[in-house]
A.B. asks: 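Sharing a structure, written as structure tokens. Questions coming.
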Amino acid sequence: MPRKPDGDAASHEQKTDFEMVYPNIELYIDGHWRRAPGAPIINPADESVLGTVPHATKTDLDDALDAASRGFAVWRKTAPNARAQIILRTAALIRERVDDMATAMTLEQGKPLDQARLEILRGCDIIEWDATEGMRMYGRIIPAGPGLQHTVYRQPIGPVAAFSPWNFPMSSPARKVAGALSSGCSIILKASEETPAGALQLVRAFHDAGLPAGVLNLVFGDPAEISGYLVPHTTIRLITFTGSVPVGKHLAAMAGQHMKPAIMELGGHGPVIVCDDVDPVATAAASVTAKSRNAGQVCVAPTRFFIHESGYEKFASTFAEHASQLKVGNGMDPSTQLGPVANPRRIQAMERLVADATARGARVLAGGQRIGNRGYYYPLTVLADVPDDALAMNEEPFGPLALVNPVHDLDEAIAKANALPFGLAAYAFTHSSNNVHRLSKDVETGNLTINHFVASTAETPFGGVKDSGYGREGGTEGLSCYTVAKNVSHKFG
Ligand code: NAD
């Protein structure tokens, strides 16, 4: 039966100007909410304090591990259809709560309200797709000789430790939780300390939908301390992490040392190849919308634009014009198109990358300087003719920075797209089937998107190659990462 909203959960709203919208943040262990002291949560729009994120102790983590172990024993034996009903009910509750959740997300992360709503609804799409796909975890019967049968079962791998980032406070945890739960696993989620409300509200919806205790646990704290404790722990059977390449490599090494499989969704440096057979003006306008999403703090953000020389000047000037017209401001203002970046580290990164690129000869076509000094506002910045050795051409900017360069032909564009150690999302604009064929074969990326900018959906596998990571989230490939194949070879008769 669905639970009534938890007494603890319903009562922990704060009495501030944002009352009813920014929740008190608590840990969730074994079906109960727990308070603990911790660190302030900062609103990037005005640097005010929204609340406190609790830090889990070793005792909290041990309790979460015990709970996940017991939760797994219950959940793996729950019929797939019954699991799906609870997960689908969760998505329905989230859809009802989308406005309050979006407000909390904009307050803590900065993205404009309409983008926060879209993220939450997209999270629901993912949860719903995974829930139903979880009922189709088919095995296989492999033909064998008389009196023999080989049966392959797909079984849930076990309790998962998940680490989600600050840029998508709800949809990134939703992907991990929905993948694990739909496959029959339990999970301990360590969500971002900087944007904790998205995960908390997600977990609250699962609780209210009647998820058995222990199946889902939520902790916050010191990320290194928590991963250092959970990853090696014998209870944990799978690690899933979304974040930066250095942290991903560190966690993957730790997982490897303890023989744990891992899903690593790491950084990218999205190339966009614009061929000579498309309209450079329309493509530039679409590129501004895509680049400004979440102030560029997206692992699949389009960043390195390689434009066929015939349309280069038109593309660059249109891109700059549209970028300059974006309304920058507090995401709570419905007219805002570009919110603040989420934290001061992103401002520092933009300043460092722009200073380096201009010192090496790049032209600033739009933006280029922080706006004001209260709130973390940085305009969509367009740099043209950026040398290959500029830091921005090599490091993921993870912010509102677009780099626009001309290319002579498709060969040069593909070579430049492949030049970095990343390979997460790549984009191309062309109507030539020859070009599409060539791009599909030769661009080194986990996801290639042609003539639009939606790099991933609930039903498609998403993930990287090279330093961008391994494993997939989304689609049947994503769910299968949470399972193991067991072969039963049976001689009978
Ligand atoms: P960071 O490298 O310090 O942290 C990245 C993420 O990893 C954060 O969510 C952080 O809480 C977590 N983390 C850090 N150390 C950890 C540990 N030992 N164990 C577990 N989790 C740990 O950088 P940052 O300033 O927060 O973000 C900057 C960079 O991170 C960006 O430039 C971008 O490349 C990358 N990033 C990528 C994504 C993504 O979607 N792939 C999301 C967020 C950040």
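Residues take their numbers from the sequence shown, with the count starting at 1. Atoms within a ligand are numbered from 1 in the order they appear, just like the ligands themselves.
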A.B. asks: Can you tell whether the side chains of K190 and D222 come within less than 4.0 Å, N to carboxylate O?
C.D. replies: no

A.B. asks: Can you tell me if CG on D389 sees more than 12 non-hydrogen neighbours from other groups inside 6.0 Å?
C.D. replies: yes

A.B. asks: Is the shortest distance from a Lys or Arg side-chain nitrogen in R175 or D130 to a carboxylate oxygen in the other one below 4.0 Å?
C.D. replies: no

A.B. asks: Could you label the plane-to-plane angle of the W33 and Y28 rings as parallel, tilted or perpendicular, counting under 30° as parallel and over 60° as perpendicular?
C.D. replies: tilted

A.B. asks: Heavy-atom contacts with E265 under 4.0 Å: which atoms of ligand 1 show up? List them by number with element.
C.D. replies: 41 (N)

A.B. asks: Check each atom of ligand 1 against the heavy atoms of L251 and keep those under 4.0 Å away; list them by number with element.
C.D. replies: 19 (N), 20 (C)

A.B. asks: When only distance counts, is W166 in polar contact with ligand 1, meaning an N/O pair under 3.5 Å?
C.D. replies: yes

A.B. asks: Which one of F163, F241, F398 has a non-hydrogen atom at the shortest distance from atom 7 (O) of ligand 1?
C.D. replies: F241

A.B. asks: Side-chain contact, heavy-atom cut-off 4.5 Å: M101 with E119?
C.D. replies: no

A.B. asks: Quick one: look up the protein heavy atom nearest atom 28 (C) of ligand 1 and list residue, atom name and how far away it is.
C.D. replies: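 Answer for atom 28 (C) of ligand 1: R346 NH1, 3.7 Å.
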
A.B. asks: Do H269 and L403 have side-chain heavy atoms sitting under 4.5 Å apart?
C.D. replies: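 Contact flag for H269/L403 side chains = yes.
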
A.B. asks: Examine the proximity of ligand 1 to F168 and report which part, side chain or backbone, both or neither, has a heavy atom under 4.0 Å away.
C.D. replies: neither

A.B. asks: For atom 23 (O) of ligand 1, is some protein heavy-atom partner under 4.0 Å away?
C.D. replies: no

A.B. asks: Atoms of ligand 1 less than 4.0 Å from A224 heavy atoms?
C.D. replies: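 In order of number, 17 (C), 18 (N).
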
A.B. asks: Select one of side chain, backbone, both or neither to describe which atoms of P165 lie under 4.0 Å from any atom of ligand 1, heavy atoms only.
C.D. replies: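 Looking at P165 and ligand 1, atoms from backbone and side chain both fall under 4.0 Å.
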
A.B. asks: Does any part of the side chain of P261, heavy atoms only, come nearer than 4.5 Å to the side chain of L238, both counted from C-beta?
C.D. replies: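 L238 reaches P261 side chain to side chain.
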
A.B. asks: Side chain or backbone, does S227 bring an N or O within less than 3.5 Å of an N or O on ligand 1?
C.D. replies: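 Among all N and O atoms of S227, at least one is under 3.5 Å from an N or O of ligand 1.
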
A.B. asks: I need the nearest protein heavy-atom contact for atom 3 (O) of ligand 1: residue, atom name and distance, please.
C.D. replies: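 Checking every protein heavy atom, the shortest distance to atom 3 (O) of ligand 1 gives V247 CG2, 4.6 Å.
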
A.B. asks: Looking only at the aromatic ring of each residue, does the gap between the centers of F306 and F315 stay below 6.0 angstrom?
C.D. replies: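 F315 vs F306: aromatic centres not under 6.0 Å.
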
A.B. asks: Using heavy atoms and a threshold below 4.0 Å, how should the contact between Q297 and ligand 1 be classified: side chain, backbone, both, or neither?
C.D. replies: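 No part of Q297 is near ligand 1 at this cut-off.
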
A.B. asks: Are the side chains of T283 and V272 in contact, using a 4.5 Å heavy-atom criterion?
C.D. replies: no

A.B. asks: Once you measure the plane-to-plane angle for F453 and F429, does it fall in the parallel (<30°), tilted (30-60°) or perpendicular (>60°) bin?
C.D. replies: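 If you compare the ring of F453 with that of F429, the planes turn out tilted.
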
A.B. asks: What protein heavy atom is closest to atom 21 (N) of ligand 1, reported as residue, atom name and distance in Å?
C.D. replies: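 Checking every protein heavy atom, the shortest distance to atom 21 (N) of ligand 1 gives P223 CB, 3.7 Å.
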
A.B. asks: Start with the C-alpha gap between R374 and D46, add the side-chain angles, then the distance that decides, and say whether salt bridge (Lys or Arg N to Asp or Glu O under 4.0 Å) holds.
C.D. replies: CA-CA 6 Å; R374 187 159 182 81; D46 58 12; 5.9 Å; no

A.B. asks: With a 4.0 Å cut-off, strictly under, does atom 9 (O) of ligand 1 pick up any protein heavy atom?
C.D. replies: yes

A.B. asks: Please list the nearest protein heavy atom to atom 33 (C) of ligand 1 with its residue and the distance rounded to 0.1 Å.
C.D. replies: E396 OE1, 3.3 Å

A.B. asks: Nearest non-hydrogen contact with atom 30 (O) of ligand 1 belongs to which option: G248, G243, A161, S244?
C.D. replies: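 Closest candidate by heavy-atom distance is S244.
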
A.B. asks: Among all the protein's non-hydrogen atoms, which is closest to atom 25 (O) of ligand 1, and how far away is it?
C.D. replies: R345 NE, 2.6 Å

A.B. asks: Go through ligand 1 atom by atom and flag the ones less than 4.0 Å from a non-hydrogen atom of T242.
C.D. replies: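 Listed by number with element: 39 (C), 40 (O), 41 (N).
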
